[in-house]
Amino acid sequence: MEDEPRPNRPVTACGAANISKVLVSLSDDRRKTCEEISTETSMSRTSVFRVLTNKLNKEKKFSKWVPHLLTDEQKESRVNFP
């Protein structure tokens, strides 16, 4: 069994213009939810979530969107956990 070829659609939700819209909205208040940002930017909640997590590498912690970056020291301490 084989699938028929499908036309490829470009992903426009994660384009530079939408990423900048999300950044501007998030710079006002880091506690905004995906739904609030989607209302402001006229994007879907799913697209906003993808931009935040995949493109901007953010995660929701303690009700704030924060960068998900670990230092080399933090990574090493996780490996060497007693």
Side-chain angles (χ1 to χ4, degrees):
M1 185 183 328
E2 292 183 19
D3 286 339
E4 293 181 16
R6 296 180 223 166
N8 294 331
R9 290 188 337 194
V11 178
T12 58
C14 295
N18 286 340
I19 292 172
S20 64
K21 285 181 187 178
V22 171
L23 273 175
V24 167
S25 179
L26 198 60
S27 67
D28 295 340
D29 183 11
R30 291 189 318 172
R31 293 181 185 265
K32 288 183 181 176
T33 63
C34 288
E35 188 168 346
E36 292 170 336
I37 295 171
S38 71
T39 303
E40 287 181 15
T41 59
S42 300
M43 296 170 55
S44 70
R45 288 186 310 235
T46 310
S47 296
V48 169
F49 184 77
R50 284 187 190 133
V51 168
L52 286 168
T53 56
N54 296 340
K55 299 295 182 182
L56 299 176
N57 295 323
K58 303 269 185 196
E59 329 191 295
K60 190 86 166 185
K61 289 190 179 184
F62 305 109
S63 299
K64 290 184 181 179
W65 286 100
V66 295
H68 181 66
L69 300 172
L70 294 176
T71 64
D72 291 333
E73 184 178 300
Q74 290 169 329
K75 290 177 188 176
E76 187 66 31
S77 69
R78 288 181 175 212
V79 172
N80 296 328
F81 190 74

- Tell me, please, which residues at least two apart from Glu40 pass side chain to side chain donor-acceptor pair (under 3.5 Å). Ser25, Lys32

- Nearest 0.5 Å, what's the CG-CG distance between Asp28 and Leu23? 11.0 Å

- Task: Using a cut-off of 6.0 Å, state whether more than 12 heavy atoms not belonging to Lys55 lie near its atom NZ.
- Result: no

- Query: How would you list all residue pairs meeting salt bridge (Lys or Arg N to Asp or Glu O under 4.0 Å) that involve residues 62-74, not counting sequence neighbours?
  - Reply: none

- Message: What's the separation between atom OG1 in Thr33 and atom CZ in Arg31, rounded to the nearest 0.5 Å?
- Response: 13.0 Å

- For Val22 and Thr41 the tightest heavy-atom approach is N-CG2, 4.3 Å

- Got a sec, which residues hit side chain to side chain donor-acceptor pair (under 3.5 Å) with Glu59, two or more places apart in sequence or on another chain? Lys61, His68

- Query: Below 4.5 Å, heavy atoms only, C-beta onward: do Lys21 and Val24 meet side chain to side chain?
  - Reply: no

Pairs of donor and acceptor atoms involving the side chains of residues 42-51, under 3.5 Å and at least two apart or interchain, shall be tabulated with distances.
| residue | atom | partner | partner atom | Å |
| --- | --- | --- | --- | --- |
| Ser44 | OG | Ser47 | N | 3.1 |
| Ser44 | OG | Ser47 | OG | 2.9 |

- Item | Nearest-0.5 Å distance that lies between atom CG in Leu26 and atom CD1 in Ile19 | 13.0 Å

